[in-house]
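Predicted model, so just to flag it, every value in this text is computed and none were measured.
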Amino acid sequence: METGGSLVQAIRKPTLTPKAIIHQKFGSKAYYTVEEVEEPTQNGCPGLAILQKGPCLYRCSLDLPDFTVVSGSFKKKKDAEQSAAQIALEKLGINLSVDSPTAEQAWRELIARVKYIFSNEFLSALHPLSSHFKAALRRVGDLNASVPASVIAICDGKLNNLCKIINPTVESHPLLVLSYIMRAAAGLPELVVGAEGHFSIWRKDPYPPNVIESSISQQSDVAESITTMAIYIPCSPEKAVEPVIINISSTGYYLDVIAQILGLSDANMVLISRTIGKASSETRFYFAAPKSYPLDMSSDLLNAKVVPFGGPLNARASSLCGQDIYGDSILASIGYTWKGQDIFHEDVTLQSYYRMLISKIPSGVYKLSREAILAAELPLTFTTKTNWKGSFPREILSSFCRQYRLLEPVFCVSSIPLKVSLELSRSNNKPEVSESAEQEREYANENESADVDPKLVVSGSSFTCEVKIYSKCQDLILECAPNVLYKKQNDAVQSASLKVLSWLNVYLKDMDMSLEKEKQVANVFDIKFYRQIFFKEVVKCLSVCNCQHNETLGGKEPELNGVVENDASYINIEGTDSGLCPSNGSLLCVCYSVSLVTKGELQKELLESIEEFEFEMGTGAVIPCLEAVVSQMSVGQSACFYTELPPEDLVLAAAKDLANALAFLTSPCCLEYSIILLQVTEPPEDRMEQALFNPPLSKQRVEYAVQHIQEFCATSLVDFGCGSGSLLESLLEYPTSLETIAGVDISQKSLSRAAKVLHSKLVMKSDFDAPCRSIKSAILFDGSITDFDSRLCGFDLATCLEVFRTNPFSEPLHAKTLVIEHMEEEQASLFGDIVLSSFRPRILIVSTPNYEYNVVLQKSNLTSHEDDPEEKIQSQSCKFRNHDHKFEWTREQFQHWASELAVRHMYRVEFSGVGGAVDLEPGFASQIAVFRRVFLPEDDDGLKDEDSVCQYKVIWEWNRSKPPLTN
């Protein structure tokens, strides 16, 4: 499967959508009505008693003069409207064609387009180009009504597309459009006139007065003058970039003013670049036109040759724009837009210029998205969607491709069944498997992107993602195929995107690396790139980027003269140690500021400050020296340290007062960081455990349960507090003697997921040799594990194991009492009494976190349990492995609780655990108690005579001998 569009789809698109064609033919006579619809939810789990709420869907009715059509149901209103329009076109016998016209057809359409642009009708149209035509009518003398060809080239997308069909090299040489426009105008001698040696066109006959009056009346009154700030970028890298002011009178044409600043006679000699940044932006470069056409007009259309421009290349402007800019240039954000007839403008400051510079590299895009240029770094790993801050990797990669005029990245996502994933993970050359089993249950909530293919979201599957990037000419530039499995499709896409971005960061910062190092770096990030094409499309644009570093200092690094001695020196930490220290995986919140300081701290200039800045520890989300200092702090403490200057463009992009910052940079100075650690949120329990245990503790607990099932030949098992069914599902992957499995939980949301998971394993898996073939029946109950239900009485084996709550606060309050550490201690004792006195399984396995092991997991000081009880609760609250845990017991406390239960209800109890060792402090990470019933002669009769009590509600039931009930 490919998300983000296939290569063919990215290249060949119909020029008009179905809705646009309907509008062309029927105009206001086409009437769309969109309504929200409810459709039966296909939850993929027959027999599930929980009402499943389906997604919000829309249906569109399209009324045309002769008939009405109705679309199907769609998640988006616009998709429903396009579908209705498509149905109407099919009924009308009109077929959409994605085939591009031939070069000859495109040339004829180009001439027709130029003819239309200079028609009376177009002057009154709401189009950016028509506003230029009206402005040209205000030009005086010989320039009156003269329209620069460069304006026509940049404002009319249809002309550009037709020129690309005629000559595909237009994509890499956008100025060729000018030549084609001038040649098309020459083919219309009865309508327009082109100036010899100039890139300008005007009508042979003036517009009728009534047409001019009508078009001018559409414009609102404008101010006496317009003033906007722009940037002047000299061609010579030795000259500094400077701000300039553009003043435009109410009767003037802004391109004439820009021409004067560039030292040109008029706007007809000004060329305009493509937009910088977003497609909707009006930020462009303006520079002088060549003295001749950039295309040999004597040749035929298809074999036309590009003529050398003949001027010096402006390296700094070219690197920003992604196309060749010659001579001195002006970077300005001004022009006419689709939003209105009046001129649009906004200031382009020196800070804007430097921010554009750093955005050419992925790490710069991420820094800007966080507004933390001097503190943030593009993280090295994608951990969770909730912990990621700033723009997501996929967004940054798409932005990078747009900046370099590449096609949108193509994501090829593959779904691997769990059985295959397990086999791969057990092999020698196993791929890495990311995320815990419990987190897998959350994929439905997190994979809400339109790019997620529901056909791939199969419970129990893992995902891999391959990324491919193509040039506009369809050449494959690079591909990344990480050998990693993910439980969520979104994580696979984001992680693969981050791999590409990380490689781009390394490569673009050291483009002179040796071929051997180049191969090593590519292998580290699972990158295969095609060097020649990559250099042509990307590196060529950045090959001059180093020129911006320290340009204001004449290309020399300032001598620090002992201001700093290393990456982070003179560290000063103040405040009382609160004991709340960060560890890898923690989510930190800090307040920080960064200032330029001169030697001896005689002067200081604030560059950047954020009152609340969050980042995940250990992922490389901040600069290394900042993370190193924060790792030595506790909540409430403050710190101050100094670092050497980073590249100058980062400093100037962050500076609040650019003039002051530039003045500081002329003398020896460094950066001063001031930090306050505001908050530390411990990482989720599963994240902490995965960092220390292989296999994860969750899998070790499952294997412990399987061992006892096999040892006692248990045929029935009930899981109290089954949650999303992680234990029950995992048991189905092992060959056991189990014939009946049951689960109880109070969260219907979790039970619904558990039912779908078990159904997919028990019903959809038809392999006769599958481990789950021994299971004859399965049932899930909605109920509290502190209530009794006789239908679960007398099972061979019962379990109550720890589960991970990736987001415990997403459930209602009462739904959190799933297993003992999620209860109050009194409820845990009540649960033990009810299970052993009423349910009376032959074996009960209970696991719970060992509080004493938290010192290893969290690398923090263990709080004494012999302190004042109230102080103990306060000190423990931030030490538990999960926000939702009501308590966590030491080994002594757990053994005391279990031993009393066993004596009270005629059970024997043994203690063990997983993760750690019994003879090594601090014991096991998960402590386990195994209760074994002491049989008495009357036990079996007691079970039969038990009164029927049914307090639980059956949520889902399956029996191999009976066909499932449909919803």
| task | Rounded to the nearest 0.5 Å, what's the gap from CZ on F285 to CD1 on I325? Could you check? | result | 6.5 Å
| Using the benzene-type ring in the case of Trp, are the ring centres of F118 and F122 under 6.0 Å apart? | no
| message | Could you tell me if K360 sits above the aromatic ring of Y404, with its cationic atom closer than 6.0 Å to the ring centre and no more than 45 degrees from the axis? | response | yes
| request: Return yes if some donor-acceptor pair links the side-chain N/O of N268 with the main-chain N/O of F199 below 3.5 Å, else return no. | output: no
| note | Between E36 and C56, the two heavy atoms sitting closest are OE2-SG, 3.1 Å
| Do side-chain atoms of S359 reach the backbone of M356 as a donor and acceptor pair under 3.5 angstrom? | yes
| message | Does any part of the side chain of R203, heavy atoms only, come nearer than 4.5 Å to the side chain of N120, both counted from C-beta? | response | yes
| query | Do R274 and N160 pass the side chain to side chain donor-acceptor pair (under 3.5 Å) test, and can you show the C-alpha distance, the side-chain angles, and the key distance before you say yes or no? | reply | CA-CA 11 Å; R274 296 180 290 205; N160 274 273; over 6 Å; no
| remark: Note: F287 and D324 closest approach over all heavy atoms is CZ-O, 4.2 Å
| Steps toward side chain to side chain contact (heavy atoms under 4.5 Å, CB included) verdict (L476, I533) | CA-CA 8 Å; L476 180 60; I533 303 173; over 6 Å; no
| Is there a donor-acceptor contact under 3.5 Å from the side chain of S399 to the main chain of E395? | no
| field | Nearest-0.5 Å distance that lies between atom CG in L406 and atom CZ in F400 | value | 7.0 Å
| note | Scanning both residues in full, the closest heavy-atom pair of L407 with C401 reads O-CB, 3.5 Å
| query | Roughly how far, to the nearest 0.5 Å, is CZ of F411 from CD1 of I469? | reply | 7.5 Å
| request: Give a yes or no on this: more than 12 heavy atoms of other residues, nucleotides or ligands lie within 6.0 Å of atom NE2 of H127. | output: yes
| query | Pick one: which of R402, K468, K472 meets salt bridge (charged side-chain N to carboxylate O under 4.0 Å, His left out) with E408? | reply | R402
| message | Assess the residue pair Q82 and Q86 against the criterion (side chain to side chain donor-acceptor pair (under 3.5 Å)); give the C-alpha distance rounded to whole Å, side-chain angles, the decisive distance to 0.1 Å, and a yes or no. | response | CA-CA 6 Å; Q82 293 290 358; Q86 176 66 48; over 6 Å; no
| request: For S130 and S124, indicate whether the former's side chain and the latter's backbone hold a donor-acceptor pair under 3.5 Å. | output: no
| query | Ignoring hydrogens and geometry, is there a side-chain-to-backbone donor-acceptor pair from S150 to V270 under 3.5 Å? | reply | yes
| said: Applying side chain to side chain contact (heavy atoms under 4.5 Å, CB included) to I22 and Y32, what does each step give before you reach the verdict? | reply: CA-CA 11 Å; I22 289 292; Y32 295 86; 3.6 Å; yes
| said: Is the positively charged end of K158 above the ring of Y116, judged by distance under 6.0 angstrom from the centroid and angle within 45° of the axis? | reply: no
| remark: side-chain contact (heavy atoms from CB on, under 4.5 Å) with E109: of I165, I166, L162, only one passes, and it is L162
| query | Mind checking whether Y31 and S61 have side chains closer than 4.5 Å, heavy atoms only? | reply | no
| query | How far apart are the C-alpha atoms of Y180 and V114, what are their side-chain angles, what is the distance that settles it, and do they pass the side chain to side chain contact (heavy atoms under 4.5 Å, CB included) test? | reply | CA-CA 10 Å; Y180 284 111; V114 172; over 6 Å; no
| field | Heavy-atom side-chain proximity of W388 to P393 below 4.5 angstrom | value | yes
| query | Side chain of R394, backbone of Q494: donor and acceptor closer than 3.5 Å? | reply | no
| Y253 and L143, any side-chain heavy atoms less than 4.5 Å apart | no
| Less than 4.5 Å apart, any side-chain heavy atom of Y58 and any of C60? | no
| query | Looking at D256 and A267, what are the two nearest heavy atoms and their distance? | reply | OD1-N, 2.9 Å
| Got a sec: does the CG of N210 have more than 12 other heavy atoms crowding it under 6.0 Å? | yes
| field | Residues F133, Y336; criterion side chain to side chain contact (heavy atoms under 4.5 Å, CB included); working and verdict | value | CA-CA 11 Å; F133 276 58; Y336 296 103; over 6 Å; no
| field | Which atom of A317 lies closest to which atom of S329, heavy atoms considered | value | CB-OG, 3.6 Å
| field | Rounded distance (nearest 0.5 Å) linking atom NZ of K91 with atom CG of D66 | value | 9.5 Å
| said: Please determine whether a side-chain nitrogen of the Lys or Arg among E190 and K115 lies less than 4.0 Å from a carboxylate oxygen of the Asp or Glu. | reply: no
| field | Pairwise side-chain contact, N247 with S249, heavy-atom cut-off 4.5 Å (strictly under) | value | no
| said: Do N167 and T169 pair up side chain to side chain, a donor and an acceptor below 3.5 Å, judged on atom types alone? | reply: yes
| said: Nearest 0.5 Å, please: how far is OH in Y353 from CD1 in I276? | reply: 11.5 Å
| field | Within-4.5 Å side-chain heavy-atom neighbours: S83 and D79 | value | no
| query | Would you say the side-chain atoms of D347 pair up with the backbone N or O of T228, donor to acceptor, closer than 3.5 Å? | reply | no
| task | Grab the two heavy atoms, one from P148 and one from S146, that are nearest each other, plus how far apart they are. | result | CD-O, 3.7 Å
| field | Nearest-0.5 Å distance that lies between atom CD1 in I396 and atom CD in Q403 | value | 11.5 Å
| Is there side-chain contact between L62 and F26, with heavy atoms separated by less than 4.5 Å? | no
